[in-house]
Colleague: 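First the structure, then my questions, so here it is.
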Amino acid sequence: MSATIPQQFTGYAAMDEAHGKKYEVESWSYTPQKWHEDLIDIKIDVSGVCGSCLHTMSNGWPRPTEYPAICGHEIIGTVVRAGSNTKHAVGDRVGVGAQAGSCLECDYCKQGLEQHCRKMQGTYQGIWEDGSVAQGGYADFTRVKGQLAVKIPENLENEPTAPLMCAGVTVYSPLKRFQAGPGKKVGVVGIGGLGHLALQIAKAMGAETYALSHSSSKIDDAEKLGVKRENFIVAKDAEATVKQWSNTFDIILITAPSENLPLDSLYFPLMRNMGAVILCALPETKLPPFFAHALVGKSLTLAGSLIGGTSELAELFDLAAKHDIKAWVETRPMSQATQTLQDMDAGKARYRYVLSNTKKD
Ligand SMILES: NC(=O)c1ccc[n+]([C@@H]2O[C@H](COP(=O)([O-])OP(=O)(O)OC[C@H]3O[C@@H](n4cnc5c(N)ncnc54)[C@H](OP(=O)(O)O)[C@@H]3O)[C@@H](O)[C@H]2O)c1
Ligand SMILES: [Zn+2]
Ligand SMILES: [Zn+2]
């Protein structure tokens with residue numbers, strides 16, 4: 001093993017639920033999963049801060065969080081050790097998204113849709129073959145399955161590209177599957193990390209884009225993201241919004257993790273017949289019930305969509321290079337992880353925080 005790779009990796013972890021609920025992290029070292037030749041070690045340069053990191057740290061989701069928990073799954077770094085069963089070499093610049101392992105053999109894996117593999121391993125909170133809990137990107141190094149790491153094209157810079165690894169591919173995947181394109185009207189609910197990339201991606205695909213936000217504060221930014229000013233909708237009052245915009249959208253992509261998502265009172269009425277309401281957000285409460293008529297009456301599809309795989313990432317990189325799709329980022333030193341997570345929770349991100357090991361205090 002190269003002398004530069006430590007036996008233990010060190011990152012910023014929520015040590016228990018009490019601290020996780022306040023998004024407080026502290027430096028913590030752990031022993032990575034046992035080495036084998038399907039793996040690579042990555043020296044991490046940057047890691048984006050995803051909304052899923054907040055849900056995980058605060059133990060907000062149905063599956064309890066295993067503490068200590070190092071989050072971060074929008075990772076870009078350099079390969080420092082490459083197993084012989086991987087396609088990587090020491091020195092490669094690679095990215096890892098929300099999945100760091102899969103079986104590599106099933107139909108989904110063969111198509112580069114590893115997020116659907118039954119053996120998909122979360123980049124953090126996944127359980128490796130040796131029983132250890134996977135730890136994420138707010139750290140100096142990570143050890144992952146080589147096949148799940150993708151080479152970053154030379155023309156794409158670290159900071160604005162890291163959020164494509166989760167946020168970007170998470171919205172690209174359903175926009176492609178539900179055929180966002182010319183003649184289609186796409187409404188994006190929640191203009192955050194996922195949402196601001198969804199607006200850029202849907203526009204690049206040729207669709208007409210609309211932003212549905214809970215206040216008017218992001219209207220100027222939305223315009224820069226390609227949304228006509230008259231297509232910016234402050235969707236606070238469902239009744240008034242439906243009155244103005246009913247039967248408008250072919251696709252609504254929900255990225256806001258709100259409690260009591262107004263599906264039958266707002267989003268379904270806004271849809272054209274046969275349209276698709278797609279949930280990317282993962283709220284911490286159950287969805288409210290609704291009568292089947294609200295969905296059936298317009299032959300709507302209500303869909304969920306889970307991240308994206310390596311083949312979709314490759315397509316997204318091409319689209320990003322062609323249409324100059326970039327995450328809007330604020331880069332901060334990794335040591336400012338606690339403040340950054342708290343700022344993210346307070347809704348201050350415009351539109352993605354990226355934690356960096358190279359940017360110093
Ligand atoms: N499906 C997947 O595979 C997948 C992958 C990644 C993330 N996610 C989930 O997607 C969601 C968004 O992640 P993100 O990283 O984009 O988060 P984010 O940057 O915080 O953006 C969420 C946006 O939603 C709106 N919002 C936030 N909280 C809200 C609330 N309580 N009520 C109403 N609106 C709210 C805000 O936009 P406005 O100011 O415009 O209203 C906010 O900017 C999270 O639940 C995350 O876990 C899912
Ligand atoms: Zn994510
Ligand atoms: Zn598989």
Side-chain angles (χ1 to χ4, degrees), residues 1-6 9-11 32 35 37-50 70-102 104 112 114 123-124 134-170 172 193 197 307-334 352-360:
M1 192 186 290
S2 154
T4 56
I5 306 171
F9 298 169
T10 302
W35 175 262
E37 296 300 323
D38 291 342
L39 300 174
I40 59 172
D41 284 345
I42 301 171
K43 187 173 192 294
I44 296 170
D45 286 323
V46 292
S47 179
V49 177
C50 177
I70 299 175
C71 291
H73 58 202
E74 295 178 338
I75 299 169
I76 294 183
T78 307
V79 175
V80 288
R81 185 184 188 192
S84 55
N85 297 336
T86 73
K87 59 200 167 178
H88 295 293
V90 169
D92 285 354
R93 187 170 66 118
V94 294
V96 179
Q99 66 274 47
S102 69
L104 311 177
E114 301 87 354
T123 299
Y124 53 77
Q135 303 294 345
Y138 310 155
D140 51 0
F141 292 88
T142 190
R143 176 172 291 171
V144 300
K145 283 257 170 84
Q147 305 282 4
L148 275 292
V150 298
K151 229 178 183 156
I152 304 295
E154 259 173 45
N155 53 346
L156 300 179
E157 293 169 66
N158 278 356
E159 284 83 356
T161 305
L164 300 185
M165 300 302 306
C166 174
V169 80
T170 294
Y172 171 79
L197 285 165
I307 42 182
T310 53
S311 64
E312 294 170 311
L313 259 173
E315 293 164 14
L316 176 58
F317 286 159
D318 282 349
L319 195 74
K322 225 178 270 166
H323 294 269
D324 201 26
I325 295 167
K326 283 191 172 132
W328 292 18
V329 297
E330 181 182 332
T331 305
R332 295 187 179 174
M334 198 74 80
R352 202 49 139 196
Y353 292 120
V354 170
L355 295 172
S356 165
N357 278 320
T358 48
K359 183 167 180 166
K360 296 295 167 207

Colleague: Roughly how far, to the nearest 0.5 Å, is the CG atom of N155 from the CG atom of D324?
Modeller: 10.0 Å
Colleague: In this structure, are over 12 heavy atoms from other groups packed under 6.0 Å from K151 atom NZ?
Modeller: no
Colleague: Is there a side-chain contact between I40 and R81 (heavy atoms, below 4.5 Å)?
Modeller: no
Colleague: A167 and L197: which non-hydrogen atoms are nearest, and at how many Å?
Modeller: CB-CD1, 3.8 Å
Colleague: Taking all heavy atoms of A100 and all of V144, pick out the closest pair and write down the distance.
Modeller: CB-CG1, 3.6 Å
Colleague: Do the side chains of F141 and P32 get nearer than 4.5 Å, heavy atoms only?
Modeller: no
Colleague: Ignoring hydrogens and angles, tell me if any N or O in the side chain of D318 forms a donor-acceptor pair with the backbone of E315 under 3.5 Å.
Modeller: no
Colleague: What pair of heavy atoms forms the shortest contact from V169 to L313, and how long is it?
Modeller: CG2-N, 3.8 Å
Colleague: Any sub-3.5 Å donor-acceptor pair from H88's side-chain atoms to G146's backbone N or O?
Modeller: yes
Colleague: Mind running side-chain contact (heavy atoms from CB on, under 4.5 Å) on V49 and L355 for me, showing each step along the way?
Modeller: CA-CA 7 Å; V49 177; L355 295 172; 4.0 Å; yes
Colleague: Partners of F317 by ring-ring contact (aromatic ring centres under 6.0 Å, His included), sequence neighbours excluded?
Modeller: none
Colleague: Show the nearest heavy-atom pair for residues G137 and S47, with the distance to one decimal.
Modeller: O-CB, 3.4 Å
Colleague: How many angstroms lie between atom OG1 of T86 and atom CD of Q147, to the nearest 0.5 angstrom?
Modeller: 7.0 Å
Colleague: Going by side-chain contact (heavy atoms from CB on, under 4.5 Å), R93 matches just one of I42, V79, N158. Which one?
Modeller: N158
Colleague: I'd like to check the ring-ring contact (aromatic ring centres under 6.0 Å, His included) partners of Y124; sequence neighbours left out, ordered by chain and number.
Modeller: H73
Colleague: To the closest 0.5 Å, what do you measure between CD (E114) and NZ (K145)?
Modeller: 11.0 Å
Colleague: From F9 CZ over to I44 CD1, what is the distance, rounded to the nearest 0.5 angstrom?
Modeller: 8.5 Å
Colleague: Which atom names give the shortest non-hydrogen contact between R143 and L39, and what distance separates them?
Modeller: CD-CD1, 3.9 Å
Colleague: Does V96 form a side-chain contact (heavy atoms from CB on, under 4.5 Å) with E74? I'd like the steps, not just the answer.
Modeller: CA-CA 6 Å; V96 179; E74 295 178 338; over 6 Å; no
Colleague: Judged by modelled atom types alone, do D45 and N357 share a side-chain donor-acceptor pair under 3.5 Å?
Modeller: no
Colleague: Which heavy atom of T123 sits nearest a heavy atom of G72, and at what distance?
Modeller: CG2-O, 4.1 Å
Colleague: More than 12 heavy atoms of other residues, nucleotides or ligands under 6.0 Å from CD of E37: yes or no?
Modeller: yes
Colleague: Side chains of P163 and K326: closer than 4.5 Å at any heavy-atom pair?
Modeller: no
Colleague: Applying side-chain contact (heavy atoms from CB on, under 4.5 Å) to I75 and V46, what does each step give before you reach the verdict?
Modeller: CA-CA 6 Å; I75 299 169; V46 292; over 6 Å; no
Colleague: Using side-chain heavy atoms (C-beta onward) and a distance below 4.5 Å, is M165 in contact with V150?
Modeller: yes
Colleague: Hey, could you give me the CG/OG distance between L316 and S311, rounded to the nearest 0.5 Å?
Modeller: 11.0 Å
Colleague: Quick one: OG1 on T170 to CD on E312, what's the gap to the nearest 0.5 Å?
Modeller: 9.5 Å
Colleague: Please determine whether side-chain contact (heavy atoms from CB on, under 4.5 Å) holds for the pair W35 and D41, giving the CA-CA distance in whole Å, both sets of side-chain angles, and the decisive distance to 0.1 Å.
Modeller: CA-CA 9 Å; W35 175 262; D41 284 345; 3.8 Å; yes
